[in-house]
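Heads up: numbering here begins at 1 and tracks the sequence. Note that ligands are numbered from 1 as they come in the structure, with each ligand's atoms numbered from 1 the same way. Hydrogens, waters and symmetry mates are skipped; everything else that's a heavy atom, side chains included, is used.
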Amino acid sequence: MAAPAGIGAACLGPVVGPVGRATARAAPRPGLLQRVRRRCVAELSRDGTAPRPLPPAPLVQPIPLPSFLAPAPPAPTQAPAPSPPPLPDSGVGELGPDPESIAEDSVDRTVLVASEQDSEIMAANEQAQAEVTHSIVFVTAEASPYAKSGGLGDVCGSLPIALAARGHRVMVVLPRYMNGALNKNFANAFYTGKHIKIPCFGGEHEVTFFHEYRDSVDWVFVDHSSYHRPGNLYGDNFGAFGDNQFRYTLLCYAACEAPLILELGGYTYGQNCMFVVNDWHASLVPVLLAAKYRPYGVYRDSRSVLVIHNLAHQGVEPASTYPDLGLPSEWYGALEWVFPEWARRHALDKGEAVNFLKGAVVTADRIVTVSQGYSWEVTTAEGGQGLNELLSSRKSVLNGIVNGIDINDWSPSTDKFLPCHYSANDLSGKAKCKAELQKELGLPIRPDVPLIGFIGRLDYQKGIDLIKLAIPELMKENVQFVMLGSGDPGFEGWMRSTESDYSDKFRGWVGFSVPVSHRITAGCDILLMPSRFEPCGLNQLYAMQYGTVPVVHGTGGLRDTVETFNPFSEKGEQGTGWAFSPLTIEKMLWALRTAISTYREHKSSWEGLMKRGMSSDFTWDHAASQYEQIFDWAFMDQPYVM
Ligand SMILES: Nc1ncnc2c1ncn2[C@@H]1O[C@H](COP(=O)(O)OP(=O)(O)O[C@H]2O[C@H](CO)[C@@H](O)[C@H](O)[C@H]2O)[C@@H](O)[C@H]1O
């Protein structure tokens, strides 16, 4: 593979333009260390008209290569770290008051419980500060409310805020998508006056930075014409955009420069950052840190954590695109990917490719999956999507942390999209939400009929084909079913035709609508998730929070978060839903029928299921404290690739 010409330094070219706009908040007073760091950074990222000097290119000695650059499967260059102690217990179902005990008691007792709760909350708030704080840089293709196509947007819209609330300085870097529908979401972001030129894809591509300070987080938007297109984030009606590799290469370069050049609130983030890179779109970041910054003394004190939300998407493109990435030729091995023979198109196809996600798997300091179950599944041939051996080789730095939910957006007692509110103490509003939903969908308003919901991308992952095959059987039952989703046009067409086949029982809402997703979550009795695999899954968490009982395939994060109902436990009735396995139509129908008969014939058990789900603790603060542990471990070790 020929070396890309003229590349070989951390710097991306001159940074021009005035110093960044001062934001409204008061800048924290930097300490001595920070002031020293600021001076160093100013030298590294000098703005104004003078170009930043290129660090000296290596003269004789080549950059020492990590062992994974060899063609053979990589082996860690360092002695494997001892297995870290287990993360703090997820504590599912342990926190929160027992709603039943509250309901039974007198008013006085309720007041007492409330004041106990208040003091518990105050105590929790007092504890909710990190012992060690970091400068954290999230890199992501989506973050709600700016841009969201699925769960990645939810996580990157919430976790940064939870970490900032615990005392960290947090920046989130994502593209500034301008496609008409999304423009208004970026209305409060202002041009920072900074722009850089990124040397890749045969030229120098100028990107600019926009910024909004909200909820104690610096939201940084990378602006480039390739993010200004009709369609969704990644494609349009004709499929995925052909230049997504280019679009997210720009994002990664820009994210590496942002901490060095953006003076947010008066000073830069500097070189001592924790990069949290999410999925393949951000996966070039740890490769850039290792290949283009650290060899020149920049970012030696930074660390990176790869968060895998979905291994199914890896950012794989032909090997011939490698020189476009602007990486030194000797780093090809980090991204090198060879398709198995069966996946090649013809006899002469050697299956050679570059794989962004693989690049991060072999260069990130630590790896997190979004549930513990999934962190094991990705090391197996069935769940590893071809990366299982590499991920197994990094088991010592691989952990799972279950996602949280943002209770500012997802709480039945405050949700702005609901016609009425409710809580575990007073469920009457849920019945009204159900009636309103039936009315909105044009279904018969029948409180006694179990209303089953599905929300999600219409994708192979989500098991839509199983629902499709099971619908004729399920529609024989006295139930109603509503599906909200978009994606595969074949499934969209099927949803529309099924609606006309079962007009008094089935509704298929084709499209993406956040308000409708909230109303379905609140108005349904049961939420169905027959996912083939599910790294974490958020809809089952939202459902439980809203007293909607999940029926899920027991895989990944679904198995970790949904406890199957057990009416015969020694501790009394237990469980928050049904997790069925294996994934067959028969098993799914069995679980649904069990749920339906419990709903109809065992009202108090059903209420117990609802209330146990509603009192489960899936707050982001809990997950954020687990991420802090990962950051601490990452900073304890040397960078994985120096
Ligand atoms: N048509 C529609 N209209 C409105 N809202 C819709 C919608 N379709 C989906 N959504 C919303 O998008 C989100 C989907 O989140 P999920 O976690 O279920 O799946 P996703 O597969 O996208 O995420 C991946 O990343 C997340 C985050 O880590 C993991 O939980 C998950 O397992 C992994 O596959 C939810 O907020 C849902 O309400």
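Side chains of Tyr374 and Asn310: no donor on one and acceptor on the other come within 3.5 Å. Arg214 and Asn188 form no side-chain donor-acceptor contact under 3.5 Å, judged by distance and modelled atom types alone. Donor-acceptor pairing under 3.5 Å is lacking for the side chains of Asp409 and His518. For the residue pair Ser149/Glu142, the side-chain donor-acceptor check at 3.5 Å is satisfied.
With a heavy-atom cut-off of 4.0 Å, Val516 does not touch ligand 1 at all. The part of Val370 lying near ligand 1 is the side chain, judged by heavy-atom distances below 4.0 Å.
Each of the atoms 1 (N), 2 (C) of ligand 1 lies under 4.0 Å from some heavy atom of Gly511. Using a 4.0 Å cut-off to heavy atoms of His309, the atoms of ligand 1 that qualify are 24 (C), 25 (O), 27 (C), 28 (O), 33 (C), 34 (O). Ligand-side atoms of ligand 1 in range of Asn310: 34 (O), range being under 4.0 angstrom from any heavy atom.
Among Phe512, Trp410, Tyr542, the residue whose heavy atom lies nearest to atom 7 (C) of ligand 1 is Phe512. In this structure, of His313, Arg457, Met529, Lys462, the residue bringing a heavy atom nearest to atom 19 (O) of ligand 1 is Lys462. Residue Asn539 holds the heavy atom nearest to atom 18 (O) of ligand 1 of all those in Ile308, Asn539, Asp154, Leu558.
By the 3.5 Å distance cut-off applied to N or O atoms, Ile455 is not counted among the residues near ligand 1. In terms of polar-atom proximity, defined here as any N/O pair under 3.5 Å, Val514 makes no such contact with ligand 1. Taking any N or O of Leu484, backbone or side chain, none lies under 3.5 Å from an N or O belonging to ligand 1.
Gly151 N, 3.5 Å is the protein heavy atom nearest to atom 23 (O) of ligand 1. Atom 32 (O) of ligand 1 has as its closest protein heavy atom Glu534 OE2, 2.5 Å.
Applying the side-chain hydrogen bond (donor to acceptor under 3.5 Å, both in side chains) test to His309 and every residue at least two apart in sequence or in another chain returns Asn278.
Both tests pass for Arg532 against the ring of Tyr460: distance under 6.0 Å to the centre and angle within 45° of the axis. A cation-pi arrangement is present between Arg229 and Phe241, with the terminal nitrogen or guanidinium carbon under 6.0 Å from the aromatic centre and inside a 45° cone about the axis.
At least one heavy atom of Gly537 sits less than 4.0 Å from an atom of ligand 1. Contact between Tyr374 and ligand 1 is absent, with no heavy atom of the residue lying under 4.0 Å from the ligand. Heavy atoms of Ser149 come nearer than 4.0 angstrom to ligand 1 in no pair at all. At least one heavy atom of Gln461 sits closer than 4.0 Å to an atom of ligand 1.
Remark: Glu436 does not engage Arg519 in a salt bridge, criterion side-chain N to carboxylate O under 4.0 Å. A salt bridge between Lys462 and Glu534 is present, with a side-chain N of the basic residue lying under 4.0 Å from a carboxylate O of the acidic one.
Within 6.0 Å of the CD1 atom in Ile407, the count of heavy atoms belonging to other residues, nucleotides or ligands does not exceed 12.
The side chain to side chain donor-acceptor pair (under 3.5 Å) pairs that include a residue from residues 498-513 are Trp494-Thr498, where partners are two or more places apart or lie in different chains.
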